[in-house]
Protein chains: 2
Amino acid sequence: MGVSLRDVADLAGVSVKTVSNVVNGYAHVAPATRAKVEEALSRLDYRPNLSARNLRRGRTGVIALALPELDAPYFAELSRFVIDAAAEQRWLVVIEQTDGSLERERQILDGVRDHRVDGLILSPIAIGADELAARTDETALVLLGERIHDGPADHVAIDNVRAARDVTEHLIGLGRTRVAALGAQDSAVSGTAPLRLAGYREALAAHGLPETVVRVERYRRADGAAAMAGLLTGGDRPDAVFCFNDLLALGALRAILSRGLRVPEDIALAGLDDIEDGRYSTPTLTTVAPDKAELARIAVDLLRRRIDGRSGHAPQEVRAGYRLMARESTLGR
Amino acid sequence: MGVSLRDVADLAGVSVKTVSNVVNGYAHVAPATRAKVEEALSRLDYRPNLSARNLRRGRTGVIALALPELDAPYFAELSRFVIDAAAEQRWLVVIEQTDGSLERERQILDGVRDHRVDGLILSPIAIGADELAARTDETALVLLGERIHDGPADHVAIDNVRAARDVTEHLIGLGRTRVAALGAQDSAVSGTAPLRLAGYREALAAHGLPETVVRVERYRRADGAAAMAGLLTGGDRPDAVFCFNDLLALGALRAILSRGLRVPEDIALAGLDDIEDGRYSTPTLTTVAPDKAELARIAVDLLRRRIDGRSGHAPQEVRAGYRLMARESTLGR
DNA sequence: CAACGTTGTTCCAACGTTGTAAACAGGGGC
DNA sequence: GCCCCTGTTTACAACGTTGGAACAACGTTG
């Protein structure tokens with residue numbers, strides 16, 4: 001093994017505890033002693049053994065971030081911010097991928113128990129509020145990016161309903177009347193899809209326009225392309241499409257362009273997430289930009305409070321900001 | 001704290017060590033005893049405390065993956081595979097982001113996080129072979145995606161020179177004669193850029209064609225767009241461009257299209273990495289597809305060997321496979 | 001100058017686990 | 001009936017750390 005407190009203590013000619021005190025910044029250490037110890041510390045290049053420290057303190061200094069898939073750009077971008085925010089608390093972040101499967105989400109929620117992590121930030125897809133409420137484990141938990149009403153855990157997200165309504169209003173504001181929604185899901189118990197759908201419906205209802213809703217299995221480019229292709233072969237072609245995330249929109253864009261139609265002239269297109277790809281597509285993609293840094297910061301902050309002291313008992317519900325980013329895909333004709 | 005071996009032992013009426021033996025699958029435990037213990041284990045829902053186990057065993061069960069930035073799609077996709085491959089070894093993966101800064105790479109190599117991780121997979125950008133060789137830390141290390149000749153550590157990558165030559169040959173094969181390379185770098189001591197540049201040069205030289213090399217600061221879409229814009233305002237417009245990664249290519253694509261030029265009719269375009277974005281851009285992007293799953297698997301495997309037993313002493317150099325993916329951006333005219 | 005408080009340091013125990021070695025029980029061979 | 005062997009179980013120590021009690025040294029106060 002490496003250098004231990006005992007080694008340092010021997011070299012400095014003091015007790016192990018004194019070295020520990022120096023390392024931990026305990027106040028009452030004589031300057032001379034402190035100097036001796038610090039000299040020894042740096043001579044030996046001492047690094048605390050964190051397994052031991054954690055065993056003693058009952059903490060691991062590691063939190064888990066569980067999300068559907070790391071290679072979806074939105075989650076990759078979000079992870080980056082979470083890692084950075086966690087680094088400020090001197091936490092390491094391990095990433096778990098659920099693939100959106102209920103199985104995996106259960107497993108992770110459950111497996112958090114083997115004391116490997118102090119807390120968990122979960123971006124749930126499949127699991128329901130009731131099941132979450134029923135969990136016995138007491139590990140700190142923060143839900144990210146989904147709204148489980150009156151949920152059993154702290155939760156941070158943007159206002160999905162309002163964001164969806166804003167985008168839809170934007171499309172309607174262009175003068176489009178056949179506005180489709182792409183990205184509804186059958187399975188999602190409590191995901192964001194129903195919320196975005198609700199926002200879409202609110203906007204259409206407010207203008208007395210008819211709904212067209214297309215379902216998808218997952219939220220990848222391929223799903224967007226396939227769904228869009230279906231929409232284009234149908235009789236009544238939409239003149240605007242709100243995709244529930246940017247990947248779907250980019251897939252849809254591809255499907256539209258490859259059929260010789262134009263965006264935005266023939267079909268205006270908008271997404272949600274503001275992934276970087278959408279800023280460089282042709283045309284660039286109108287979208288909603290959640291404040292990812294804020295989401296991450298809040299999530300880590302909530303987790304810190306839960307871990308530190310019981311931060312009040314009632315689960316908190318925090319909203320992060322977002323901005324509508326109008327780009328080429330919804331320019332007026 | 002949670003349930004410990006002692007609790008289980010008390011309930012089962014045996015010693016702590018016997019419970020430990022059952023948990024660890026030790027052979028010589030009487031069936032009756034084993035049954036009793038297992039009953040108690042499940043009654044109490046025992047989970048081993050990994051801090052304690054790791055302290056005892058001198059392992060943490062965690063490896064670090066250090067890469068420039070998680071939100072570059074290539075690294076996000078790669079991370080996914082690394083996490084999956086590590087999961088098979090029952091390792092958790094913590095991700096560190098270097099932002100390609102020498103500072104951060106040093107910091108990570110040196111402080112490999114105290115004793116927090118058993119090994120490190122590093123995708124280096126800035127650090128040089130000499131400095132790597134000089135490192136004192138003995139944590140297992142595998143380099144990923146870069147070729148440091150006769151390096152001091154295990155290393156896995158695709159054959160960047162050959163891959164770059166293949167792409168360039170492909171462009172030349174279309175009948176293009178003014179083939180530019182986009183993505184050279186001044187700073188990189190030993191990055192992939194010089195290797196890709198070398199491959200490009202080999203191909204051009206073989207056909208007696210002139211070189212055009214454009215440098216970039218970093219490998220993001222914005223850099224590709226800016227560099228391409230520069231290339232287009234110059235006098236002698238290229239009729240084909242090999243970008244050193246897909247992000248650069250997508251940025252370049254945007255720059256070309258926004259000037260009213262066509263791809264591939266006016267300019268054929270190819271990248272390298274095979275990120276998903278390039279499969280859905282319009283036109284779709286010709287690229288080299290490194291076998292990311294294989295890269296990850298090999299990296300984890302090399303690391304496992306280093307960690308387990310001293311796996312021979314000579315650093316290994318392993319090549320992963322790749323495929324040229326010809327897509328719309330290089331269709332014949 | 002004795003009692004006392006303050007400051008600095010050490011000793012001991014404990015966190016939960018597992019390797020080592022020793023103790024123990026039962027069975028077979030003499 | 002004794003001994004040894006095998007199989008099973010246990011006691012103990014140790015991994016490196018830190019909280020708390022104990023203790024030593026010192027200066028202050030009555």
Side-chain angles (χ1 to χ4, degrees), chain A residues 1-41 44-62 90 113-118 138-139, chain B residues 1-41 44-62 90 112-118 138-139 307:
Chain A
M1 288 220 157
V3 176
S4 76
L5 285 181
R6 141 132 261 118
D7 301 322
V8 179
D10 288 350
L11 178 59
V14 297
S15 80
V16 170
K17 186 64 212 284
T18 299
V19 181
S20 170
N21 285 338
V22 171
V23 170
N24 291 289
Y26 180 66
H28 301 300
V29 177
T33 314
R34 163 161 282 134
K36 257 193 314 184
V37 171
E38 276 171 350
E39 159 73 12
L41 281 172
L44 296 178
D45 191 23
Y46 169 79
R47 314 288 184 101
N49 177 317
L50 294 176
S51 287
R53 175 178 284 177
N54 293 335
L55 172 60
R56 186 59 239 234
R57 296 209 241 220
R59 291 276 177 81
T60 69
V62 178
R90 321 192 120 227
R113 248 181 293 188
D114 52 10
H115 305 147
R116 300 184 88 134
V117 299
D118 294 337
E138 78 296 345
T139 310
Chain B
M1 289 220 152
V3 176
S4 77
L5 285 182
R6 142 132 262 119
D7 301 323
V8 179
D10 287 350
L11 178 60
V14 297
S15 80
V16 169
K17 186 64 215 276
T18 299
V19 181
S20 171
N21 284 338
V22 171
V23 169
N24 291 289
Y26 179 65
H28 301 302
V29 177
T33 314
R34 164 161 280 135
K36 254 192 317 184
V37 171
E38 275 171 351
E39 159 74 11
L41 282 171
L44 297 178
D45 190 21
Y46 169 78
R47 311 290 186 101
N49 178 317
L50 295 176
S51 286
R53 176 177 284 176
N54 293 335
L55 171 61
R56 187 59 239 235
R57 298 199 204 180
R59 292 275 177 81
T60 70
V62 178
R90 321 194 120 225
V112 181
R113 300 337 213 80
D114 319 320
H115 306 147
R116 301 183 93 142
V117 299
D118 294 337
E138 78 294 346
T139 310
I307 291 174

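Not measured: the values here are computed from a predicted model. Per chain, numbering begins at 1; letters A, B, ... match sequence-line order. No hydrogens, no waters, no symmetry mates; every other heavy atom, side chains included, goes into these values.
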**Q** Looking at D/dT17, does its base get a donor-acceptor pair with the side chain of A/Arg53 below 3.5 Å?
**A**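 By the distance-only test, no, there is no pair.
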
**Q** Using only side-chain N and O atoms of B/His28, determine if any of them is under 4.0 Å from OP1 or OP2 of D/dG7.
**A**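 Answer no for this pair, as no side-chain N or O of B/His28 is under 4.0 Å from OP1 or OP2.
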
**Q** Does B/Ala32 or B/Ala52 map to a spot on DNA chain D nearer the 5' end, using the closest nucleotide for each?
**A**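 Going by which nucleotide is closer to the 5' end, it is B/Ala32.
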
**Q** Is there a donor in the side chain of A/Asp118 and an acceptor in the side chain of A/Thr60, or the other way round, less than 3.5 Å apart?
**A**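 A donor-acceptor contact under 3.5 Å links the two side chains.
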
**Q** Nearest to the side chain of A/Arg56 - C/dT9, D/dC15, D/dT17?
**A**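 Of the candidates, D/dT17 comes closest.
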
**Q** Heavy atoms only, 4.0 Å cut-off, all strands: where does A/Val14 land among base, sugar-phosphate and nothing?
**A**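 It contacts sugar-phosphate atoms only.
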
**Q** Between A/Asn24 and D/dT18, is there a contact of a side-chain N or O with OP1 or OP2 at under 4.0 Å?
**A**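 Yes.
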
**Q** Check whether any side-chain nitrogen or oxygen of A/Ser4 sits under 4.0 Å from OP1 or OP2 of D/dG16, and answer yes or no.
**A**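 A/Ser4 to D/dG16 OP1/OP2: no side-chain N or O under 4.0 Å.
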
**Q** Find the runs of at least 3 consecutive base pairs, i with j, i+1 with j-1 and so on, that include DNA chain D, using Watson-Crick or G-U wobble geometry with both distances under 3.5 Å.
**A**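 Stems (3+ consecutive pairs) listed as C:1-30 with D:1-30.
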
**Q** If you check every side-chain atom of A/Tyr26, which of C/dT9, D/dT9, D/dT18 has the closest atom?
**A**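 When the side chain of A/Tyr26 is considered, C/dT9 is the closest of C/dT9, D/dT9, D/dT18.
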
**Q** Could you state the CG-P distance from A/Asn21 to D/dG20, rounded to the nearest angstrom?
**A**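 Rounding to the nearest Å, CG of A/Asn21 and P of D/dG20 are 12 Å apart.
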
**Q** Kindly say if B/Ser20 contacts the phosphate of C/dT17, meaning a side-chain N or O under 4.0 Å from OP1 or OP2.
**A**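 No, outside the criterion.
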
**Q** For D/dT17, does either OP1 or OP2 sit under 4.0 Å from a side-chain N or O belonging to A/Tyr46?
**A**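 Result: yes.
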
**Q** Could you list all the side-chain hydrogen bond (donor to acceptor under 3.5 Å, both in side chains) pairs where at least one residue sits in residues 29-41 of chain B, not counting sequence neighbours?
**A**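 Of all non-adjacent pairs touching residues 29-41 of chain B, those that pass side-chain hydrogen bond (donor to acceptor under 3.5 Å, both in side chains) are B/Glu39-B/Arg43.
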
**Q** Counting heavy atoms from C-beta on, name the nucleotide in C/dT20, C/dG8, C/dA14 closest to the side chain of A/Ala30.
**A**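 Selected nucleotide: C/dG8.
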
